[in-house]
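Scroll down for the structure; my scribbles are underneath it.
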Amino acid sequence: MNTVYSDITPERNELLAVPSKDEDILKKRYRILSQGAGGSGRIYYCFDLWSQVPCVLKAAGLSNPEDSQAESALRNQESPLVKLQKLLFLPSHKNVAKLYRLEQIQAEYYLVMEWLPNSLNSLLAAGNPVPAEQTARIALSVCLGMIHCQKHLSQPEKPFAHGNLKPSNLLFTRNGDVKITDFWNRVKPDVREDIFCLGKIMNELLICGKREHQSLSDQEQKLELIIRHCMAERPQDRLSTFEKLRDALLDFLHLPSDFRETEAGCGSPEEKTWLKVQACDQAVLGKDQKAEQIFPCFCHALTINPYDFPALQNEIDTLRSQGRTHELKRTRVLLSSLYKIQPESKELLKPIGNACYALKDFEPARACFRGYLKYNKNDWETIYHYAMCLYLDRDVTHARSYFQTAVRMMEEDGSAETERSKLMYLSISLYHLGDYSGAMEYLDKYRRNFGSSSQTKRLKLLLELDCQLQEKYGSLLFDAYRQLTSVTFAKDPQSHYQPILDRLTAMKEYLERSKITQTLAGHACDIYLSCLDYLMACYEGLGNMEQASACCDRILYFDRSLPEGLYNKGRILLLSEKAYAALPYFQSALRFLQDPDAGRQIEESLILAQKTIKNSAECRNLFLEEILSHGGKSEGEPDSLQRILKEKSFFLTKDFPDMLRTYAEDRIKNIKSSSPAAALPAHSNSGSALWNFLLQIRNLADALRQIPGESKDICASGALSLYQLLEETLFV
């Protein structure tokens with residue numbers, strides 16, 4: 001970064017961290033950070049809450065053009081408003097300050113432009129000597145900017161001129177370039193007067209920091225000669241065009257005669273900011289086609305720096321908002337390729353996850369976000385998206401834990417650069433957590449600061465629906481809970497449970513008929529799941545275990561990690577004498593349980609199920625059939641096999657190899673007895689039932705050899721017993 005540029009980002013962030021008041025927001029868009037006065041009127045230094053970039057609102061010195069006196073005074077001239085609008089359509093150039101838009105505030109017009117904090121005044125005020133070469137390069141930047149403006153803004157017989165060139169209107173960029181600003185004066189300008197002013201600026205720089213009568217170096221004397229040609233007393237003796245001054249400066253700097261200024265492109269931070277503002281404005285106006293024309297610039301930015309993460313995020317957001325699935329897939333492939341080349345670049349996991357999330361491919365998105373959080377555990381935006389992936393994958397219990405973490409971190413974060421997304425994420429997070437008032441508070445703040453959108457309207461409708469559901473069914477659920485928890489087994493359970501069952505069934509049917517359950521979240525989710533939970537208790541009280549189990553299945557469909565739902569499903573299966581099927585539910589309930597004190601009852605049920613299974617020959621055969629099914633496939637399912645062996649580890653004793661061999665022998669005998677032709681395991685009969693079963697045994701043996709951990713030796717012994725059985729069957 002050039003020494004004449006000072007970054008004001010920390011000071012700006014400090015100002016943004018202070019809570020805003022209504023009077024600090026202009027047009028529901030611009031957060032005022034400071035203000036001052038200029039030649040044409042008031043100047044506001046702001047932060048654009050919509051596009052999330054700093055900007056300056058500068059009075060254009062023009063009141064409402066419908067004023068009859070103003071129109072009368074300008075009837076023989078081009079309208080000043082038209083002149084301002086022409087400036088807005090000026091093509092981008094690295095030496096001309098970007099003008100974003102024209103805003104009317106009350107009766108005045110303001111030009112919204114990029115905020116570059118340092119002008120040439122700061123360089124002069126420092127009082128340090130400015131080398132002749134740097135002075136010439138500053139002047140060359142001004143020449144290039146002026147030539148660009150003349151090319152696009154001049155009219156026949158009326159060449160464009162600035163009319164107000166002075167140090168305060170020449171702004172420094174991050175890379176040391178100079179940008180011209182303040183074109184919108186209404187003084188009759190003249191090109192040679194502009195050249196005189198630029199010569200005067202060059203002279204100020206040349207003598208800056210020098211003592212009186214201090215001699216000039218040879219280089220400075222050569223530049224002084226150019227300055228004299230700019231500042232000649234008679235206008236006709238001055239350099240007549242900026243092209244001639246440009247050529248003189250090129251010669252002084254020993255640059256080639258065919259010199260062409262480098263295009264700013266997307267490599268320039270200021271250029272990318274301008275593109276971001278343009279894309280935001282077009283999206284606000286609903287001009288998707290125009291936004292699509294701007295989008296390739298983001299792609300170009302990535303060719304300059306493929307690890308430019310803000311540009312990556314802009315690209316993904318633009319593609320997602322426009323529904324351009326094919327290009328999103330291409331972006332994901334590009335990012336994945338970059339990550340494979342440089343796996344140490346963990347920062348890439350976040351944009352890859354965002355691309356997968358935008359494509360609704362939630363499993364790889366979740367894996368990317370999980371990997372990124374190992375690298376940066378304090379990124380609340382990634383925590384929020386990870387929670388959303390879990391929620392959409394029906395892992396609601398864990399999702400809510402991450403939502404709570406994200407909310408805490410967002411509320412602690414004082415940065416205003418991400419205020420727009422932060423408010424929306426806070427509202428959605430609290431909505432999924434069932435906090436109606438908190439979600440509505442942040443949603444209202446978002447709409448005050450950034451206006452309404454289809455997303456905010458939909459969220460508001462869902463929140464209002466949550467409130468209506470709570471008002472309609474809250475008392476019913478409370479009454480059902482009170483009656484179910486105060487049950488003393490009556491002589492006639494039918495009369496006790498049936499009225500509750502009827503009311504809850506009507507409630508369930510209404511929720512499903514109105515399709516509320518298709519997008520469950522917030523109160524709607526809690527109400528529906530509570531309804532199913534109480535229905536399950538009623539069915540169980542009436543002895544209808546089939547319907548009770550169906551309610552559990554429905555609960556787990558919406559939240560597959562809910563400990564209470566998993567426990568109830570396992571308990572019902574255990575009561576139905578299906579201990580083998582109940583065991584995984586008890587184990588999952590303990591794994592997902594967040595309150596250790598609530599696990600005693602689940603542990604007792606788990607121990608009971610394990611004892612029942614261990615002492616049952618039928619369950620032992622179910623176990624052996626299950627591992628044969630998962631481990632005996634040609635492609636193998638090592639993860640599934642390992643999970644099953646872990647769940648039923650009590651079978652992995654010293655008797656396991658003999659038990660496995662005996663089961664396999666019995667299966668072979670049954671196959672041979674049912675099909676005599678299968679008794680010849682020849683290659684010609686490779687499609688027979690016996691041959692296929694022998695292949696299963698071999699695959700299972702191979703899979704058992706790969707099992708790691710504490711069960712490694714037992715599983716290896718089991719594999720050996722199967723190999724021995726294969727050898728005996730085939731060759732003896």
Side-chain angles (χ1 to χ4, degrees), residues 396-397 400 404 430-439 463-514 516-517 520-559 561-576 585-586 589 592-602 604-605:
V396 178
T397 301
R400 289 186 169 181
Q404 288 169 348
L430 291 171
Y431 166 57
H432 286 309
L433 289 169
D435 184 350
Y436 169 87
S437 58
L463 284 167
E464 290 173 348
L465 176 63
D466 275 5
C467 188
Q468 292 168 13
L469 287 172
Q470 183 67 18
E471 291 175 359
K472 185 173 183 178
Y473 291 116
S475 58
L476 187 155
L477 289 172
F478 177 76
D479 187 50
Y481 175 77
R482 181 178 54 78
Q483 292 185 48
L484 289 170
T485 52
S486 62
V487 169
T488 56
F489 287 100
K491 293 181 180 179
D492 185 9
Q494 183 84 14
S495 62
H496 180 82
Y497 286 110
Q498 195 62 47
I500 308 173
L501 181 67
D502 293 340
R503 295 170 69 191
L504 291 171
T505 301
M507 173 184 170
K508 173 179 173 290
E509 290 174 351
Y510 167 77
L511 292 172
E512 292 175 347
R513 188 171 60 251
S514 58
I516 290 170
T517 56
L520 277 186
H523 281 311
C525 179
D526 293 336
I527 288 170
Y528 185 65
L529 294 180
S530 296
C531 175
L532 291 171
D533 189 36
Y534 299 162
L535 272 172
M536 179 209 67
C538 288
Y539 282 124
E540 189 178 344
L542 292 168
N544 190 340
M545 293 302 181
E546 185 178 349
Q547 286 291 346
S549 181
C551 287
C552 283
D553 289 339
R554 193 68 178 157
I555 289 170
L556 292 175
Y557 172 80
F558 288 105
D559 187 356
S561 61
L562 184 67
E564 295 84 356
L566 291 163
Y567 168 68
N568 284 328
K569 177 67 176 179
R571 185 175 52 79
I572 290 171
L573 287 170
L574 189 60
L575 291 172
S576 304
Y585 288 100
F586 291 138
F592 293 141
L593 194 66
Q594 295 179 325
D595 182 7
D597 296 334
R600 185 176 58 82
Q601 194 173 13
I602 302 176
E604 290 175 355
S605 299

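It should be emphasised that the depicted structure is a prediction, and the values quoted were computed from it without experimental measurement.
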Exercise for review: Determine, step by step, whether L504 and L477 satisfy the side chain to side chain contact (heavy atoms under 4.5 Å, CB included) criterion, reporting the C-alpha distance in whole Å, the side-chain angles of both residues, the deciding distance to 0.1 Å, and the verdict.
Suggested key: CA-CA 8 Å; L504 291 171; L477 289 172; 4.2 Å; yes
Practice item. Please identify each residue that fulfils side-chain contact (heavy atoms from CB on, under 4.5 Å) with S605, with sequence neighbours left out. Key: Y567, F586
Review point. OH of Y528 to CG of D533: how many Å apart, nearest 0.5 Å?
Key: 12.5 Å
Practice item. Compare all side-chain heavy atoms of M545 with those of L573 and state whether any distance is below 4.5 angstrom. Key: no
Practice item. Could you pull out all residues at least two apart from A537 that satisfy side-chain contact (heavy atoms from CB on, under 4.5 Å)? Key: L484
Review point. Does Y436 reach the side chain of Y431, with side-chain heavy atoms less than 4.5 Å apart?
Key: no
Point to revise | Minimum side-chain heavy-atom gap L566-F592 below 4.5 Å | key: yes
Point to revise | Candidate pair M536 and L532, rule side chain to side chain contact (heavy atoms under 4.5 Å, CB included), full reasoning | key: CA-CA 6 Å; M536 179 209 67; L532 291 171; over 6 Å; no
Practice item. Please report the closest heavy-atom contact between G438 and D435, naming both atoms and the distance. Key: N-OD1, 3.0 Å
Revision key, fill the gap. Residues at least two apart in sequence or cross-chain that pass salt bridge (Lys or Arg N to Asp or Glu O under 4.0 Å) with E564, listed by chain then number, are none
**Study point:** Minimum heavy-atom distance G565-L556, with the two atoms named
**Key:** C-CD2, 3.8 Å
Study note, to complete from the structure: Tightest non-hydrogen contact, residues A589 and P563, listed as CB-O, 3.6 Å
Practice item. State, yes or no, whether a side-chain contact exists between C552 and I572 at a heavy-atom distance under 4.5 Å. Key: yes
Check your understanding: Got a sec, which residues hit side-chain contact (heavy atoms from CB on, under 4.5 Å) with D553, two or more places apart in sequence or on another chain?
Key -> S549, K569
Review point. Roughly how far apart are L529 CG and D559 CG, rounded to 0.5 Å?
Key: 6.5 Å
Review point. Taking atom OH of Y534 and atom CG of L476, what is their separation to the nearest 0.5 Å?
Key: 10.0 Å
Point to revise | Flag, side chain of N544 to backbone of Y539, donor-acceptor distance under 3.5 Å | key: no
Review point. Is there a donor-acceptor contact under 3.5 Å from the side chain of R400 to the main chain of H432?
Key: yes
Study note, to complete from the structure: Sorted by chain and residue number, the side-chain hydrogen bond (donor to acceptor under 3.5 Å, both in side chains) partners of N568 (sequence neighbours excluded) come out as R571
Check your understanding: Do V396 and S561 have side chains that get closer than 4.5 Å, going by heavy atoms?
Key -> no
Practice item. Carefully, step by step, assess I555 and L562 under the rule side chain to side chain contact (heavy atoms under 4.5 Å, CB included). Key: CA-CA 8 Å; I555 289 170; L562 184 67; 3.7 Å; yes
**Study point:** Q547 vs L535, side chain to side chain contact (heavy atoms under 4.5 Å, CB included): CA-CA, chis, key distance, verdict
**Key:** CA-CA 9 Å; Q547 286 291 346; L535 272 172; over 6 Å; no
Exercise for review: Sequence neighbours left out, what pairs pass salt bridge (Lys or Arg N to Asp or Glu O under 4.0 Å) with at least one residue falling in residues 467-480?
Suggested key: D479-R482, D479-R503
Practice item. Mind listing the closest non-hydrogen atom pair of Q404 and L433 along with its distance? Key: CG-CD2, 3.7 Å
Check your understanding: Roughly how far, to the nearest 0.5 Å, is the OH atom of Y473 from the CD1 atom of I527?
Key -> 9.0 Å
